Amino acid sequence: MAKEEKLNDQMFVRRQKMDALREQGIDPFGHRFAPDHDISTEIRAKYGNDSEELLAQQQNEVTIAGRMIAKRGSGKASFADLLDRGGKIQFYVRQDVVGEETYQLFKDSDIGDFWGITGDVIKTRMGELTIRARKMTFLTKALRPLPDKYHGLQDPELVYRQRYLDLITNRDSFERFQTWTKIIKAIRNYMDSNDFTEVETPILENVASGAEARPFITHHNALDIDMYMRIATELRLKRLIVGGMERVYELGRIFRNEGMDPHHNPEFDTMETYAAYFDFNDVMQETEGIFKTAAKVVSDDLKVNYQGTELDFSKPFERMHMVDAIKKFTGVDFWPEMTVEEARKLADENGVQYEDWWKVGHIINAFFEDKVQDQLEQPIFIYGHPKEISPLAHLNREDPRFTDRFELYILGNEYANAFTELNDPIDQRQRFEAEAKEHAEGNDEYQPIDEDFVEALEYGMPPTGGLGVGIDRLVMLMTDAKSIRDVLLFPTMRPKTNN
RNA sequence: GAGCCGUUAGCUCAGUCGGUAGAGCAUCUGACUUUUAAUCAGAGGGUCGGCGGUUCGAACCCGCCACGGCUCACCA
């Protein structure tokens, strides 16, 4: 086959070595191996602080397994590094200990091969914790060479397409994904301990609703209908509030058929939470708890460095009304009641662009986005968004120009969006219809009204505080990742062609 | 979607003025019983992303295409 012709010298040699192993009765793709209780981490924890002399005296025997990722051979004694999920650990092979046959097997073994090793824990003259091999079991042959051991895999395209190579050679990346898991677990634990119920709702939907986004369309053969990948979990979760679950959350993947860049992937994780009888102040407290919990995973003092800026999650997050924030950063005061003309004048004076159809609320929001947002560094809740830009939020009781909504900003980016949910079914239907009309006029993005959801509201949804958090971005923040692709094991990539 | 940049050995990267391909790691041969980017001596390895053009001659200049990265606009 044509594939065989593509073998380079190294792949050819490795295949020959594979055959040679078989001839010696060794399975190049071996079987079960029991590394007693030890991974490298445990060995380091147990023996890392012991002296060279003590270890030499005790002769503690351990058995580990892993991938050989470096080899420093000399004539009849060699050092090599073995990589397991805990990290790498050095092992030491002497011909006079393992015998000539095994030593030759080791010499012929390539970087990338898997070994099981039983031996004593020692420390070298340089003080490095090392397994002095006594028995070696060949476990798996690697037929392709690993990337550069020193630089690791650098080409971003290969890092994302062949994540397994990135995980082998770039320890930072490996550890970032371990941290991802810890953060997710910590957040779940936080929600659970606050008496929220974790649920899973459909990913395949008949109507993609709950957000303004273009969905992925797929097809169900047996029913012969098109279905949509969910773009939000919102409306399903609110049905569960109607159903009396009172506190629910879902942390999972949603899909939006939109552009990709360092902050957007077509599939990504959100966590939405809904709590009956919460108002947006309660949700702020909940949100703060979530972010502190996540920060705690990476930093005991809740101080996190992101791309050179130290973020402090230890203090209570600042809370500021959007209008106050604009006043603070620009001196412009939107508190007095004003006409659109007056607001436009302020916009003109401050170089804020606006559209003809904008109302005062839109202009306030533009001031915030243009003049304030980028200057917000430390975690801060901005609340009281104008009603014009917040169609799903309850109006504020004291000042109906604004809503009971907030967003969490860190380093100029939005990390959470929350509000006291609209629970008036008649109002909800009108807003859906207005939205559907907009879509219809803008043609292809038309989406049918989620009638079933409106009906659910008609049975009564208690006052509810809802929250949405972008989980990937939260993890990026906590792991100092520049791109969303660095926190996704397998980011979406265009298929590679043969050119 | 627009702009800019990139693609050279398995990997990480050089490649001057357009003169026909280089290094380190890895691989192969040899030496070496505490190395750690091991060392020393030697060797092999290339459709220079793809297709076309200009030229006596193209990794290099031009055009188109593919994939990727960054920035901007939109969204989380």
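Order of the sequence lines fixes the chain letters, A, B, ..., with proteins taken first and strands second; residue numbering starts at 1 for each chain. Fair warning: this is a prediction, and the values are worked out from it, not measured in the lab.
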When the P atoms of B:rA43 and B:rU47 are compared, how many Å lie between them, rounded to an integer? 22 Å
By the 4.0 Å heavy-atom rule, please label A:Arg94 as base, sugar-phosphate, or nothing. base
Considering every strand and a 4.0 Å limit on heavy-atom distances, what is the contact class for A:Gln95: base, sugar-phosphate, or nothing? nothing
Within 45° of the six-membered ring axis of A:Phe114 and under 6.0 Å from that ring's centre, is NZ or CZ of A:Lys141 located there? no
May I ask you to say what A:Asp269 touches in the nucleic acid, namely base, sugar-phosphate or nothing, with a heavy-atom cut-off under 4.0 Å? nothing
Taking the same atom, C1', in B:rA58 and in B:rC51, what whole-Å distance lies between them? 15 Å
With distance as the sole test, does A:Arg134 use its side chain to make a donor-acceptor pair with the main-chain N or O of A:Val97 at under 3.5 Å? no
Rounded distance in Å between the C1' positions of B:rA23 and B:rG44: 16 Å
Taking CD from A:Glu369 and P from B:rA73, how many angstroms apart are they, rounded to a whole number? 11 Å
Aromatic ring proximity, centroids under 6.0 angstrom, A:Phe79 and A:Tyr92: yes
Using salt bridge (charged side-chain N to carboxylate O under 4.0 Å, His left out) as the criterion, list what pairs up with A:Arg44, not counting sequence neighbours. none
Using atom C1' of each nucleotide, how far apart are B:rG30 and B:rG68 to the nearest Å? 42 Å
Could you tell me how far B:rC13 sits from B:rG6 if I compare only their C1' atoms? Round to whole Å. 13 Å
Backbone N/O of A:Leu167 and side chain of A:Asn170: donor-acceptor pair under 3.5 Å: no
Taking the ring centre of each residue, are A:Phe419 and A:Tyr383 less than 6.0 Å apart? no
Sort out for me which residue in A:Arg239, A:Arg236, A:Lys238 forms a salt bridge (Lys or Arg N to Asp or Glu O under 4.0 Å) with A:Asp450. A:Arg239
Does the side chain of A:Gln10 pick up a donor-acceptor pair with the side chain of A:Asn8 at under 3.5 Å? no
Checking all strands, does A:Asp96 fall into the base, sugar-phosphate, or nothing category for heavy-atom contacts under 4.0 angstrom? base
Enumerate the protein-to-nucleotides 69-72 of chain B contacts in which both atoms are nitrogen or oxygen and the separation is below 3.5 Å.
unit_1: B:rG69; atom_1: OP1; unit_2: A:Arg485; atom_2: NE; d: 3.3
unit_1: B:rG69; atom_1: OP1; unit_2: A:Arg485; atom_2: NH1; d: 3.2
unit_1: B:rC70; atom_1: OP2; unit_2: A:Arg485; atom_2: NH1; d: 3.2

Do any N or O atoms from the side chain of A:Asp120 and from the backbone of A:Ile122 form a donor-acceptor pair under 3.5 angstrom? no
Just checking A:Arg256: base, sugar-phosphate only, or nothing, at a heavy-atom cut-off of under 4.0 Å? base
Which parts of residues 72-84 of chain A get close to RNA chain B, meaning a heavy atom less than 4.0 angstrom away? A:Arg72, A:Gly73, A:Ser74, A:Gly75, A:Lys76, A:Ala77, A:Phe79
Please name the pair of heavy atoms, one in A:Phe381 and one in A:Met284, separated by the smallest distance, quoted to 0.1 Å. CZ-O, 3.4 Å
Under 4.0 Å, heavy atoms only, any strand: does A:Lys17 hit a base, just the sugar-phosphate, or nothing? sugar-phosphate
So, is A:Lys107 near the phosphate of B:rA31, with a side-chain N or O under 4.0 Å from OP1 or OP2? no
Taking the P atom in each of B:rC64 and B:rC5, what is the distance between them to the nearest angstrom? 14 Å
Reading nucleotides 10-15 of chain B from the 5' end, what letters show protein touch, with B for base, S for backbone sugar-phosphate only, - for no heavy atom under 4.0 Å? BBSS--
side-chain N/O A:Arg494 vs B:rG68 OP1/OP2, d < 4.0 Å: yes
Salt bridge (charged side-chain N to carboxylate O under 4.0 Å, His left out) filter on A:Asp148, not counting sequence neighbours, yields none
Paired stems touching RNA chain B, three or more consecutive Watson-Crick or G-U pairs with both distances under 3.5 Å? B:1-7 with B:66-72, B:10-13 with B:22-25, B:27-31 with B:39-43, B:49-53 with B:61-65
Using atom types as modelled and distance alone, determine if a side-chain donor or acceptor of A:Asp486 lies under 3.5 Å from a backbone N or O of A:Ala481. no
Can you tell me, in whole Å, how much space there is between the P of B:rC61 and that of B:rG19? 11 Å
Looking at A:Phe174, I'd like to know if the NZ or CZ of A:Arg171 sits under 6.0 Å from its six-membered ring centre while staying within 45 degrees of the ring's axis. yes
Considering only atom P, compute the distance from B:rC48 to B:rC40 and round it to an integer number of Å. 32 Å
